[in-house]
Amino acid sequence: MNKLEKYKKEIGFRINVLFLLCILALLAVVIGNFYLKYKFPLKEYMTDYVVGFFIGIELACVFYMSMFIKAYRNKDILEKMYIKETDEREILIKMKSGENIIPIFSMVILIVSLIVAYVSYEAFLALMIVAIVQIIFSKLLKIYWSKKI
């Protein structure tokens, strides 16, 4: 099996993971609309924010799924994606800027902040700011290392 076929299987796996994430986000939206709004009537604005956050996750998942499905079906696009992902310079830049792990940490912080939002608004804001600043620094480091390397 050549490398492109393995990469195609990996793209299929990514599509499945994104589909699962989309289902989980849909479940969170349903729980937010039909349970949390009635459980916390004084915090309805926070529930609306949580629902909007998970709708945003769904939209991002659908966007990336469509991009991966297009690459899965078209060999030329698949080859371009494979070359871009296996470029050694790009891999080094991602490693130095933390682009592989920082978004995961920031997403965990964002989800924790959505839970904390029902307890303390100030802690919610602090966690949101930390997550956003992490992502900004990661992007700035990527720009720096792109010009330096």
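Note that the structure is a prediction, hence the values are computed from the model and not measured.
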Q: Check which hydrophobic residues are tied to Tyr144 through side-chain heavy-atom contacts below 4.5 Å, counting indirect links as well, and list them.
A: Leu92, Ile93, Leu141, Trp145, Ile149

Q. Which other residues end up in the same hydrophobic cluster as Ile101, if Ile, Leu, Val, Met, Phe, Trp and Tyr are linked when side-chain heavy atoms come under 4.5 Å apart?
A. Ile102, Ile104, Phe105

Q. With the 4.5 Å side-chain cut-off for hydrophobic clustering, are Leu26 and Val50 part of the same group?
A. no

Q.
If hydrophobic clusters are built from ILVMFWY residues whose side chains come within less than 4.5 Å, do Ile111 and Tyr121 share one?
A. yes

Q. Out of Leu24, Val29, Ile23, which residue meets the side-chain contact (heavy atoms from CB on, under 4.5 Å) rule with Glu58?
A. Val29

Q.
Nearest 0.5 Å, please: how far is CD1 in Ile11 from NZ in Lys70?
A. 13.5 Å

Q. Which pair of heavy atoms, one from Leu21 and one from Cys61, lies closest together, and at what distance?
A. CD2-SG, 3.6 Å

(Q) Within the 4.5 Å heavy-atom criterion, are Lys8 and Phe13 side-chain neighbours or not? (A) no

Q) If you measure from CG on Leu20 to CD1 on Ile15, what distance do you get to the nearest 0.5 Å? A) 14.0 Å

(Q) Check for me, please, whether Ile31 and Ile115 land in the same ILVMFWY cluster - side-chain distances under 4.5 Å, paths through other members count. (A) no

Q: First locate atom CD1 of Ile135, then atom CD1 of Ile109, and finally report the distance between them rounded to the nearest 0.5 Å.
A: 9.0 Å

(Q) If you count every heavy atom of other residues, nucleotides or ligands that lies below 6.0 Å from Tyr38 atom OH, does the total exceed 12? (A) no

Q: Using the side chain to side chain contact (heavy atoms under 4.5 Å, CB included) rule, take Val51 and Ile55 through it: C-alpha gap first, then chi angles, then the decisive distance, then the call.
A: CA-CA 6 Å; Val51 168; Ile55 288 173; 3.8 Å; yes

Q: Take Glu85 and Arg14, measure what salt bridge (charged side-chain N to carboxylate O under 4.0 Å, His left out) needs, and give me the verdict at the end.
A: CA-CA 14 Å; Glu85 282 191 21; Arg14 289 181 191 180; 2.8 Å; yes

Q: Indicate, with yes or no, if Leu78 and Met65 share a hydrophobic cluster defined by side-chain heavy-atom contacts under 4.5 Å among Ile, Leu, Val, Met, Phe, Trp and Tyr.
A: yes

Q) Would a hydrophobic clustering, with Ile, Leu, Val, Met, Phe, Trp and Tyr connected at side-chain separations under 4.5 Å, put Val116 with Val130? A) yes

Q.
Please find the pair of heavy atoms, one from Ser97 and one from Ser138, that lie closest to each other, and give the distance.
A. O-OG, 3.3 Å

(Q) Does any part of the side chain of Val30, heavy atoms only, come nearer than 4.5 Å to the side chain of Tyr35, both counted from C-beta? (A) no

Q.
Does Arg73, at its CZ atom, have more than 12 non-hydrogen atoms belonging to other residues, nucleotides or ligands within less than 6.0 Å?
A. no

Q.
Between Lys139 and Glu99, does the side chain to side chain contact (heavy atoms under 4.5 Å, CB included) criterion hold? Intermediate values first, please.
A. CA-CA 8 Å; Lys139 297 300 178 191; Glu99 191 174 306; 4.3 Å; yes

Q: Hey, could you give me the CD/CG distance between Glu79 and Asp76, rounded to the nearest 0.5 Å?
A: 6.0 Å

Q.
If I take atom CD1 from residue Ile91 and atom CG from residue Asn100, how far apart are they, to the nearest 0.5 angstrom?
A. 9.0 Å

Q: Search all heavy atoms of Phe124 against all heavy atoms of Ser113 and return the closest pair with its distance.
A: CD1-O, 3.2 Å

Q. Once you round to the nearest 0.5 Å, how far does SG of Cys22 lie from CG of Leu59?
A. 8.5 Å

Q) Which residue pairs satisfy the ring pair (Phe, Tyr, Trp, His ring centres under 6.0 Å) criterion with at least one member in residues 51-86, sequence neighbours excluded? A) Tyr7-Tyr82

Q. Looking at Gly32 and Thr47, what are the two nearest heavy atoms and their distance?
A. O-CG2, 3.2 Å

Q: Start with the C-alpha gap between Ile129 and Val133, add the side-chain angles, then the distance that decides, and say whether side chain to side chain contact (heavy atoms under 4.5 Å, CB included) holds.
A: CA-CA 6 Å; Ile129 290 169; Val133 167; 4.1 Å; yes

Q.
Give me the atom names and distance for the closest heavy-atom approach of Ser106 to Ala131.
A. OG-O, 3.4 Å

